[in-house]
J.: 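Before I ask anything, let me first share the structure, which is written out below as structure tokens.
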Amino acid sequence: MRNARVRLIGAGLALGALLTAFPFVWMVFTSLKPLNEARTYPPKILPSTVEWGSYLTLFRELDFGRYTVNTIIVVMVGFIGMFFMAMAGYGFAKFEFRGRRAMFLLVLTTLMIPVQVTLIPTYLILNSVGLTNTVVGIAMPTLVSAFGIFLFRQFMETLPTEILDAARLDGAGEFRIFLSVALPMSTPILAVMTILTFIAGWNSFIWPLVIAGQQENYTLSVGLALLNQQVSINPALQMAGASLMVIPTIVLFVLLQRHIVQGFTMSGIN
Amino acid sequence: MRLTNWRPLTTALAVMLVLTACGGVSESENSTESTTPVTSATTDASVTETTQGVVSGTTDGLAGTTLNFWIMGDTATAFEELVSGFTAETGINVKVDAIPWDAVNDRLTTAVASGEGPDVTQIGLSLLPTFIAGEALMDVSDLVGDYPNLTAASFPSDIMATLNPGGATYSFPWVSDTRVLFYRSDILGDAGFSEPPATWDELLKMASVLADRGSTKYGYYIPQWDAPLPVAYTWQAGGDVIAADGSIDLDTPEFRDAVDHYLAFYDAGVVPTAGDWDQALGFITGDAPMLVSGPYLAGAINDQAPELEGSWGVTMVPTGVNNTSLFAGSNVGVWSGSENPEAALALIDYLARPETQLAWYAAVNELPAVSAALEELKAGDDAMVAVYAAQLANSRLLPLDPAWDAVGQEILTMLNSVALTGADKGQALADLFDSVARIVEG
Amino acid sequence: MGVLGRQEVTTAAVPARPTHHEPGSTNTSRKQRISAATKSLTPYGFVAPSFLFLLAFGILPIVVAAVVSFTDLDITGLANPDNISYIGLENYRRLISDSDFWRSLQTTGIFIVFGVPSIIVISLTIALGLSVSSSRLFRVLRMFYFLPAITAIVAISLIWGFMYNTQFGLLNYLLTSIGSSPINWLSDPQMAKVSVAIVAIWRATGLNIIIFLAAIQSIPRDYYEAAAIDGATGWASFRWITFPLLRFALLFVTVTTLIAWLQFFDEPFVLTDGGPVGATTSISLFIYQEGFSFNRFGYASAGTVVLFLIIVTVTAFQLRLYRSNHA
């Protein structure tokens with residue numbers, strides 16, 4: 001009886017999963033169609049012939065190769081931020097210090113600030129340190145997130161203090177303990193944060209748009225926005241660009257997914 | 001720390017707000033300070049240039065410099081080809097940055113705030129007042145004499161004076177744009193019409209007949225985002241949106257006529273109500289076989305449906321009291337912070353050469369802004385160009401007022417609220433006049 | 001919602017309660033934390049880099065916005081500070097009398113009223129379903145549900161804009177092929193709210209499903225076994241075991257979802273630009289448009305401050321409610 005129930009739920013979930021994922025299937029199929037077929041009505045689900053032309057256009061005519069490289073740089077810089085967040089999470093979790101409570105509150109307050117509407121002040125701040133019009137600058141406003149610090153702290157509170165103290169007795173420095181004891185014990189949360197950091201950098205849109213300045217600094221999101229024209233749209237080209245953005249995140253997610261629920265479970269949001 | 005204890009959170013917030021409010025003043029001063037030197041440096045630079053006296057418009061000694069150029073929309077690739085000739089001639093490199101149309105405002109704002117813009121930028125005419133108000137453009141009056149293609153006489157009538165208020169020289173016309181009526185002669189013919197509509201009434205009647213072809217067929221198309229359209233209707237009704245004293249005034253019989261004309265198509269159900277309607281596709285499939293659009297649409301049709309050649313045409317916009325259309329297009333200007341104004345002007349001069357203008361038309365179907373190029377184009381045997389040229393001669397600019405953008409949006413909102421949600425027209429008009437009054441007073 | 005930059009993360013972020021330990025155990029863990037390094041500068045060294053970044057890009061901008069909200073800063077002021085003048089509370093006064101502002105508040109309210117329960121019910125239902133088995137199939141299904149959450153908003157806007165399209169969109173084709181009449185998904189003012197919300201819900205459920213799933217899986221099995229012995233299964237065991245033990249996860253998801261809807265921006269920004277006729281203009285979008293489309297930065301900053309205060313108030317209120325129910 002229990003098996004029948006599980007099967008029924010499984011079938012329902014499978015249906016929901018297909019509905020959820022369908023837009024992506026539609027995206028990939030459309031990206032492989034020639035233009036007139038992508039806009040025919042009634043629409044055809046499968047392309048009549050597989051055409052890679054839209055992808056070639058992206059790279060040959062539209063500089064998507066460069067946008068991809070820039071996006072990867074933004075993601076790499078993002079991982080420096082992830083390291084900072086891990087440090088902060090560890091600091092908040094494993095040390096008692098003056099102002100800890102207030103500082104942590106302030107960290108959480110930043111979650112409540114509506115970001116898109118403070119663009120100009122943020123831009124001016126970046127500009128005053130000379131980071132506008134650079135790829136590195138694009139990653140700055142989102143480098144550190146309160147959510148990430150929160151997750152790291154939640155997880156690292158569960159690390160046994162005895163092991164850290166043992167390392168201290170062995171004469172290891174605090175930073176060394178963090179690097180070689182605390183971090184290796186934090187794989188699940190690192191997996192969660194890896195995917196979150198990756199998608200934050202890979203998908204970011206407003207900041208590249210505002211900060212990139214020159215086209216050579218554009219990221220994939222901005223390049224994709226350039227494909228959206230008012231007079232006439234080319235769905236095949238747009239969907240090819242969208243596929244180019246979406247598929248790498250899916251691959252990374254599939255690789256890391258078994259750690260992700262575990263990471264959230266152990267960070268104690270329950 | 002426990003979440004359940006919320007008091008520290010609010011206290012911390014209150015304290016923070018108070019403390020940082022004090023610190024904040026100096027911060028904002030700092031950030032504005034950082035922009036000040038840039039602005040003054042700019043003025044200094046241009047002053048130095050002029051006192052040194054630029055010998056001529058030649059580009060000697062400028063080879064190897066690189067100019068940044070902002071272009072709007074998706075024509076960057078074509079533009080790079082266009083200026084390759086300039087680089088070959090002068091040795092000045094041009095780096096082109098495409099700005100998505102949707103992002104122009106954000107980019108302008110941040111560039112003005114930081115003082116870091118390109119060297120040369122394309123400026124859509126509707127944004128020109130904002131660019132000038134933001135001091136984004138350099139007054140090149142003292143330099144421009146050395147560039148033969150940039151004299152006021154190169155451009156039609158007094159357009160230079162109109163677009164450059166106060167005797168300054170901020171920018172130069174680059175491409176012209178006007179709106180004409182596109183129609184599918186084959187579909188009109190099948191419905192028994194041998195000629196396109198010439199008047200407002202004919203347009204509405206023919207559109208109604210064409211819309212009866214089927215449930216997914218329409219007679220006409222009105223872009224819901226097209227803010228200049230109701231203004232053009234007002235002109236065609238014999239009126240204006242600017243009163244004699246120069247202020248924005250919509251409370252006129254002619255504006256009401258324009259509103260009625262706009263809404264009549266929705267009342268009759270002959271236009272698509274979809275906001276995401278693709279006008280090129282709708283025209284090619286024949287679902288919306290008539291619409292008012294610009295020459296760029298002709299380019300899109302030729303690209304996407306060359307087989308339609310001969311079954312469509314363009315003509316002057318239908319007449320209400322007259323058939324005035326919109327004069328739009330883009331200028332190019334030197335950014336106020338540019339360190340290479342001579343090289344920038346050399347590029348603009350190159351862009352204003354008749355042959356460059358014609359090459360650009362051939363590449364992307366954007367009409368020349370330079371008289372000589374337009375004349376040459378007219379002399380060709382392209383019937384469509386003749387229509388464009390005739391309509392250009394009978395077209396007007398939108399008000400050059402920084403507040404106009406917001407007013408234009410309010411007009412659209414008002415019209416669409418009646419057309420799409422069935423709001424009461426009288427009330428919607430009254431609301432519109434209110435909000436325009438608020439916008440105008442700032 | 002909210003997948004621009006730091007926004008991303010706010011979809012699931014929450015003011016913290018560290019663990020769900022009882023008060024006693026919190027004390028023990030505190031004692032454990034105290035170590036030889038207590039008095040050194042070490043902890044500040046760990047916290048400082050992140051903290052400085054949050055100050056610079058989180059706190060400072062809102063402070064600047066607060067200051068700017070008392071001025072008439074526009075594009076001429078950005079170009080030349082001489083053009084800025086202090087106008088006191090004028091921006092706030094105008095905001096209160098601006099019908100567009102109230103309308104955007106109302107629109108945001110509608111999104112919240114329908115959006116928050118939808119997201120919670122859908123994510124919780126799916127999470128409960130996914131938790132009944134740990135077979136390979138269920139683990140694969142879990143991935144599908146998470147996909148929308150990791151997709152770039154620009155890609156989402158293109159994909160959904162394409163499916164919603166009136167002329168050649170798939171959805172209208174499906175509707176007409178089952179004999180129904182086509183829908184103006186993004187052009188009818190009522191429908192556009194629904195269409196935009198569908199995309200937001202589609203995108204927001206993934207992360208919340210994971211959070212619920214993690215919480216459900218950490219409930220010890222033997223609770224259910226004990227309950228089953230007493231005859232409580234199905235609904236009863238959900239009502240009396242699962243639900244109470246999920247209360248912190250529920251709070252977390254509610255708070256973060258509410259904040260995300262209050263900051264709702266991305267979907268209407270890319271899909272409808274707030275239209276048609278302002279029907280999908282949320283507060284964030286209203287502020288953004290005032291700032292960037294019309295260059296009224298002082299005015300937009302006043303809106304920013306008001307929105308921030310609303311979010312703080314709503315969040316504090318929720319936390320208080322939670323405490324009075326569960327203290």
Side-chain angles (χ1 to χ4, degrees), chain A residues 6 9 13 17 20-21 23 27 39 41-43 84-85 87-88 90-91 94-97 107-108 110-118 121-122 125 141-145 147 149-150 161 174 199-200 203-207 221 224-225 235 238 242 245-246 249 253 257 261 264-265 268-270, chain C residues 3-10 13 15-16 19 32-34 37-38 42-43 46-47 49-50 53-54 56-58 61-62 64-65 129 132-133 141 143-145 147 150-155 158-159 162 168 170 173 210-211 213-215 217-218 249 252 263 265 284 287-288 304 307 311-312:
Chain A
V6 170
I9 293 175
L13 287 174
T20 308
M27 164 189 84
R39 296 199 309 188
Y41 191 89
F84 285 164
M85 289 189 274
M87 284 169 58
Y90 179 72
K94 287 294 168 195
F95 294 94
E96 202 56 82
F97 54 93
V107 165
L108 294 177
T110 61
L111 289 174
M112 290 180 246
I113 291 168
V115 188
Q116 301 86 358
V117 292
T118 53
T122 310
I125 292 163
T142 53
L143 196 66
V144 167
S145 80
F147 184 61
I149 298 174
F150 174 71
T161 307
E174 289 295 336
I199 61 177
N203 294 347
S204 65
F205 171 54
I206 283 259
W207 294 115
S221 275
L224 206 52
Q238 292 184 339
M245 280 211 75
V246 173
T249 51
F253 178 69
Q257 69 97 16
V261 175
F264 273 104
T265 312
I269 311 168
N270 46 40
Chain C
V3 171
L4 302 181
R6 184 168 63 227
Q7 236 3 50
E8 226 126 321
V9 204
T10 56
T19 64
Q32 283 174 355
R33 225 185 263 128
I34 296 170
T38 309
T42 315
F46 279 111
V47 172
S50 286
F53 267 101
L54 283 182
F57 298 112
I62 191 84
V64 173
V132 301
S133 163
L141 288 178
M143 263 166 29
F144 278 90
Y145 286 106
L147 287 184
I150 57 174
T151 307
I153 183 64
V154 189
L158 293 180
I159 298 168
F162 180 46
F168 44 81
L170 183 68
Y173 168 68
I210 301 273
I211 291 168
L213 197 58
Q217 289 183 349
S218 66
F252 185 95
Q263 298 180 347
F265 178 84
S284 279
I287 297 168
Y288 179 86
T304 305
L307 175 57
I311 295 175
V312 170

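A note on names: the letters A, B, ... follow the listed sequences, proteins ahead of strands, and every chain is numbered from 1. Being a predicted model, the structure only gives us computed values, none of them experimental.
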J.: Taking everything shown except Phe144(C) itself, do over 12 heavy atoms lie less than 6.0 Å from its CZ?
T.: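 Open: at most 12 neighbouring heavy atoms sit under 6.0 Å from CZ of Phe144(C).
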J.: To the nearest 0.5 Å, what is the distance between OG1 on Thr110(A) and CD1 on Ile62(C)?
T.: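 Between Thr110(A) OG1 and Ile62(C) CD1, I get 11.0 Å after rounding to 0.5 Å.
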J.: Parallel, tilted or perpendicular: which describes the rings of Phe46(C) and Tyr90(A), with under 30° parallel and over 60° perpendicular?
T.: perpendicular
J.: Taking the side chain as every heavy atom from C-beta outward, state whether Tyr145(C) and Leu13(A) have any atom pair closer than 4.5 Å.
T.: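 In contact.
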J.: Can you tell which part of Met245(A) gets under 4.5 Å to a heavy atom of chain C, answering side chain, backbone, both or neither?
T.: side chain
J.: How are the rings of Phe252(C) and Phe150(A) set to each other: parallel, tilted or perpendicular (split at 30° and 60°)?
T.: parallel
J.: Could you tell me which portion of Leu143(A) (side chain, backbone, both or neither) has an atom closer than 4.5 angstrom to a non-hydrogen atom of chain C?
T.: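 Only the side chain of Leu143(A) comes within 4.5 Å of chain C.
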J.: Heavy-atom distance under 4.5 Å to chain A: side chain of Tyr173(C), backbone, both or neither?
T.: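 Interface part for Tyr173(C): both.
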J.: State, to 0.1 Å, how close Pro121(A) and Ala65(C) come at their nearest heavy-atom pair, and which atoms those are.
T.: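 Smallest heavy-atom distance, with atoms named: CG-N, 4.4 Å.
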J.: Flag the one option from Pro23(A), Gly91(A), Ala242(A) with the top tally of heavy-atom pairs under 4.5 Å to chain C.
T.: Pro23(A)
J.: Side chain, backbone, both or neither: which part of Val107(A) has a heavy atom under 4.5 Å from chain C?
T.: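 For Val107(A), heavy atoms of backbone and side chain both lie under 4.5 Å from chain C.
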J.: If we define contacts as heavy-atom pairs under 4.5 Å, which of Leu147(C), Ile150(C), Ile311(C) has the most with chain A?
T.: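 Top count of heavy-atom pairs under 4.5 Å with chain A: Ile150(C).
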J.: Taking Ile287(C), Leu307(C), Leu170(C) one by one, which has the highest count of heavy-atom pairs under 4.5 Å against chain A?
T.: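 The candidate making the most pairs under 4.5 Å is Leu170(C).
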